[in-house]
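Read through the structure below, which is laid out as C-alpha cells, and then see the notes.
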There are 2 protein chains.
Amino acid sequence: MSDQTRDPQSHPGVPPKAAYHHGDLPAQLIAAVRDLVELHGPDGFSVAEAARRAGVSSAAPYKHFKDRPEILRGVVSEAMDRLRVAMQTGAAAHPHGSLEAVAAVGRAYVDFARAEPGVFRLVFGLTEGHQNAPDLLAKGEGCFGVVVAAAAACMRLPPDDPDVQSRAYMLWSCVHGHSFLTIDMKHKVASAGIDDWTYLMAISHAVLEYPLRA
Amino acid sequence: MSDQTRDPQSHPGVPPKAAYHHGDLPAQLIAAVRDLVELHGPDGFSVAEAARRAGVSSAAPYKHFKDRPEILRGVVSEAMDRLRVAMQTGAAAHPHGSLEAVAAVGRAYVDFARAEPGVFRLVFGLTEGHQNAPDLLAKGEGCFGVVVAAAAACMRLPPDDPDVQSRAYMLWSCVHGHSFLTIDMKHKVASAGIDDWTYLMAISHAVLEYPLRA
DNA sequence: CGCAAATGTTAGCACTTCTTACATGAAGTC
DNA sequence: GACTTCATGTAAGAAGTGCTAACATTTGCG
C-alpha cells in the first residue's frame, strides 16, 4: 500500500502534492464545475465528471456538499461575488455621479456575461427552485445595490428614493436583457449594429434623464 | 389477446380510444414536456417521465424524436410560434404606429414569460449548443420582426432603416430583461414598484424618441 | 389478401445521483 | 510514543436516466 499508487485513474497533469487528503477539495470542485459549465452549458455538468477532474472518487464531493444543487449554488455564490466586485470597480473608474460611471457598471455586467456565458446563465437560471437560498438572495441584492448607488449618485438623490429605485431597476433590466441577447446571438450581427458602450450610454441617458410619468 | 388490456400501466383517466397505436404521440409528448418543464424547470425534465405521462413506454419517444434535445427543440419551436402570434395580436389591438402598439408587443412578451416561465426560460436558455437549428433561428427572427415592424411604424421609417433596427433591438433587450427579472424575482416586490404597462410605455417612449447619438 | 413500414414493446448497456459501509490520514490526549 | 477521534477519502450498490437493439403489432398500400 504505497501512498503513490493512490489514484488509479488520476489525470497525469495533477501535481503529486496531496496524497490521500486533498488540499482544498471544495474550491477545486467548484473550479472544475465552473469549467464544465462553461464547456457544456449549465445543465451539461455532472458531479461525477467534476470529481474526476479534481482527481477524487465520485463520492468524495458529497463529503463537502449535500447534493448536486448545493454545488451549483456554490458556483453561483462565488460568481456573484466576482460580478459585484467587477461592477464596483467599473464604477470606481469614472467620476462619482457621472453617467459614465453608470454605464461602466453596465459594461462590467455585459463583460461578465460575455466572458463566462455559462456561469452567467447559471446564475440567472438557477433562481427556479432555489428561492430559499438566503445568501444568494442577499448577494443579488448586493449587486442591485451597486446599480442603485450609481444611479442615485448620478441623479443626486438618496438611494432609497422611489424614483431612483425605479430607474435603477429599468437600467438593470435593460442591461440584463442586452447581456442575455449578446451571449445568445453571438452568431448573428451583434446587437443590430450598436456596440456595448454606445448602447449603455444611450440607455443610461434615456432612462435616467427622461421623465418617467409621462 | 383482448384489445382492452393493452396497457398494463396506463393512467386510468386516459380515454380508451387508441389501442396499440397512439393517436398523436408527438403532440402529446411535447405537451407533457411542456407541463414538466413548467413544473420542475427546464433541466428537471426526463424523457422517461414524459413518456410515462403520455402512457407509453420509455422507448416510444425515440420513434418520433432523435434524442432528448430534439424533443426540447420541438417544445421551443411550438412556444416561439405562440409567442409571435401573441405579440402580433397585442400590436393589432392598438392603432397602427402608436406608442401603445409598441408597448403592447412588449406586454405580450412579458405576459408570456409570466404565464410560462419554465418554457420561456427554456426558449432562451436553449440557444447554447443549438445554434445549428435553422428553424429556431428563423422563428427568432420572426419574433424580432414584430418588434421592428411596430417600431418602424411608430417612427414612420422603413423597417430596414438602421436607426429603426438599433432602437428595436434596444426595446427588445429591455423587455427581455424585464421579463427575466420578473419571473426570477416573483418573491420580491416586483420591479421595484412599477407595473408592467408603466414600465413598457416609459421604455418605449424613452428609446424611440430619445436621440441615440448624443 | 399479403407484405412493408410505422409505431409500439421489452431487455439491456452505460452512465448518472446519492447512500452505506469501510479505510486512511491528521490532530489531540494521556 | 500509543490511543482515540474525526474529517475526509474509497469502493460497492440501489434507483433512475438516455438511448439502442431486437421483437411485436397495427396500419396502409399493392
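Letters A, B, ... are given to chains in the order of the sequence lines, protein chains preceding strands, and every chain is numbered from 1. Heavy atoms only: backbone and side chains are in, while hydrogens, waters and symmetry mates are out.
In this structure, the nucleotide among dG9(D), dT9(C), dT19(C) sitting nearest to the side chain of Ala60(B) is dT9(C). Of all nucleotides listed (dT10(D), dT10(C), dG8(C)), dT10(C) comes nearest to the side chain of Ala59(B).
If you take OH of Tyr62(B) and C1' of dC13(C), they are 13 Å apart, rounded to a whole angstrom. One atom, CG of Leu72(B), and another, C1' of dG18(D), lie 13 Å apart when rounded to the nearest Å. In this structure, the CD1 atom of Ile71(B) is 8 Å from the P atom of dC19(D), given to the nearest Å. Taking atom NZ of Lys66(B) as the reference point, atom C1' of dT20(D) lies 13 Å away to the nearest angstrom. Computed from coordinates, the His40(B) NE2 to dG16(D) P distance equals 14 Å when rounded to whole Å. dT27(D) atom C1' lies 16 Å from atom CG of Asp24(B), rounded to whole Å. As a whole-Å value, the separation of Glu70(A) CD from dT17(C) C1' is 15 Å. Across the protein-nucleic acid pair, Phe45(A) atom CZ and dT17(D) atom P stand 18 Å apart, rounded to whole Å.
Contact annotation: His64(A) side-chain N/O to dG9(D) OP1/OP2 distance is under 4.0 Å. Between Arg52(A) and dT16(C), a side-chain N or O to OP1/OP2 separation shorter than 4.0 Å is present. In terms of phosphate contacts, Ser46(B) brings a side-chain nitrogen or oxygen within less than 4.0 Å of OP1 or OP2 of dT17(D).
Between the side chain of Ser173(A) and the backbone N or O of Met170(A), at least one donor-acceptor pair lies under 3.5 Å. Thr182(B) places a side-chain N or O within 3.5 Å of a backbone atom of His178(B) that can act as its donor or acceptor partner. Using a distance-only test at 3.5 Å, with no hydrogens or angles considered, a donor-acceptor pair links the side chain of Glu38(B) to the main chain of Val119(B).
With Tyr109(A) as reference, Phe120(A) is the one residue of Tyr199(A), Phe120(A), Phe180(A) to meet the ring pair (Phe, Tyr, Trp, His ring centres under 6.0 Å) rule.
Scanning all heavy atoms of the two residues, the minimum distance from Arg53(B) to Asp35(B) falls at NH1-CB, 3.8 Å.
Each of Lys63(B) and Asp67(B) has a nearest nucleotide on DNA chain D; the 5'-most of these lies closest to Asp67(B).
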